[in-house]
2 protein chains.
Amino acid sequence: MTPDQNTELAEIFRLLGDANRLSIVLSCLDTPIGVGDLAKSLGLSQSLVSHHLRLLRAARLVRGERDGKFVRYVAADDHVRAMLKNMTAHIDEECGDD
Amino acid sequence: MTPDQNTELAEIFRLLGDANRLSIVLSCLDTPIGVGDLAKSLGLSQSLVSHHLRLLRAARLVRGERDGKFVRYVAADDHVRAMLKNMTAHIDEECGDD
DNA sequence: TGTTCATATGAACAACTGTTCATGTGAGTG
DNA sequence: CACTCACATGAACAGTTGTTCATATGAACA
């Protein structure tokens, strides 16, 4: 693991290290979802969700697809999906062990 | 994924989201290593490493074993090891794809 | 064009975080 | 005991971050 890779990985972790941002990413892991729906379903302001999505987009964790008035966001690729599913699986198991 | 699990996972990510802390955890994934050696090999102050280790310990990402004057730290369990190896593997693959 | 809906952006601020420096604790050794 | 080595802790500060409010952009539709 090179220093650059270490920094890159830390940056990804940092972005996922906010509870709201994490739930945003998890909410669009498999199915594209619009910003407004995201905000409503998570109980967050539209502005806040949009700000977070900008960061997630910049880090290529998420990608937005325009559809008329709407912009729907999904996990950027299978790496992101696999990483997060692996992590959530471990969390589930840990809770079982406690 | 319950809200509690979401928070817990975010907390883990937040801790790994600092480059120094991440390299500390990665440095003791498989082999226990003392605080001083950790500091020297990463080019960080002993105090800083110790502060970070306290946070990592509190989150049960790492565990310390006393050995005389020394305290050696290791990844807390196989979950932590597996999660991090999975993440680093994905980072490696992503770099290959670019 | 003017209006409305969905999303993005900018400024501002309180709260938090990483780091350093100084000091404390506790184990080993003379 | 006094001293040293390895580590932990506390206070303090600069820099960063999440959030809100207000406003801008941009697409659809009358």
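Side chains are part of it too, since the values below use all heavy atoms of this structure and drop only hydrogens, waters and symmetry mates. First the proteins, then the strands, lettered A, B, ... as listed; each starts at 1.
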_Heavy-atom side-chain contact between B:L16 and B:M87 under 4.5 Å_ =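 Not touching, per the 4.5 Å side-chain cut-off.
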Would A:V25 end up clustered with A:L48 when hydrophobic side chains under 4.5 Å apart are linked, directly or stepwise?
yes
Across every strand shown, the nucleotide meeting Watson-Crick or G-U wobble geometry with D:dC5 (both distances under 3.5 Å) is C:dG26
Figure out the [atom1]/[atom2] separation between [X] and [N], and round it to whole Å.
X     : N      : atom1 : atom2 : result
B:K69 : C:dA27 : NZ    : P     : 13 Å
B:R72 : D:dC5  : CZ    : C1'   : 14 Å
B:R66 : C:dG26 : CZ    : C1'   : 6 Å
A:D67 : D:dG26 : CG    : C1'   : 15 Å
A:F70 : C:dT4  : CZ    : P     : 17 Å

Taken in chain and number order and not counting sequence neighbours, the residues that satisfy side chain to side chain donor-acceptor pair (under 3.5 Å) with B:D37 are none
Per the under-4.0 Å heavy-atom filter, residues of residues 12-27 of chain B near DNA chain D come out as none
Within residues 33-53 of chain B, those residues having any heavy atom closer than 4.0 Å to DNA chain D are B:G34, B:V35, B:G36, B:Q46, B:S47, B:S50, B:H51
From the list B:I24, B:L61, B:L53, B:V49, side-chain contact (heavy atoms from CB on, under 4.5 Å) with B:Y73 holds only for B:L53
Of A:G68 and A:L55, the one whose nearest nucleotide on DNA chain D sits closer to the 5' end is A:L55
Short side-chain to backbone donor-acceptor contact, [X] and [Y], under 3.5 Å:
X     : Y     : result
B:N6  : B:M1  : no
B:D4  : B:T7  : no
A:R81 : A:L29 : yes

- Task: Hey, could you give me the NE2/CG distance between A:H90 and B:L9, rounded to the nearest 0.5 Å?
- Result: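 Answer rounded to 0.5 Å: 11.0 Å.
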query = What distance do A:H51 atom NE2 and A:S47 atom OG have between them, rounded to the nearest 0.5 Å?
reply =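 The NE2 atom of A:H51 sits 4.0 Å away from the OG atom of A:S47.
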_B:Y73 side-chain N/O to D:dA6 phosphate OP1/OP2 under 4.0 Å_ =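 Answer no for this pair, as no side-chain N or O of B:Y73 is under 4.0 Å from OP1 or OP2.
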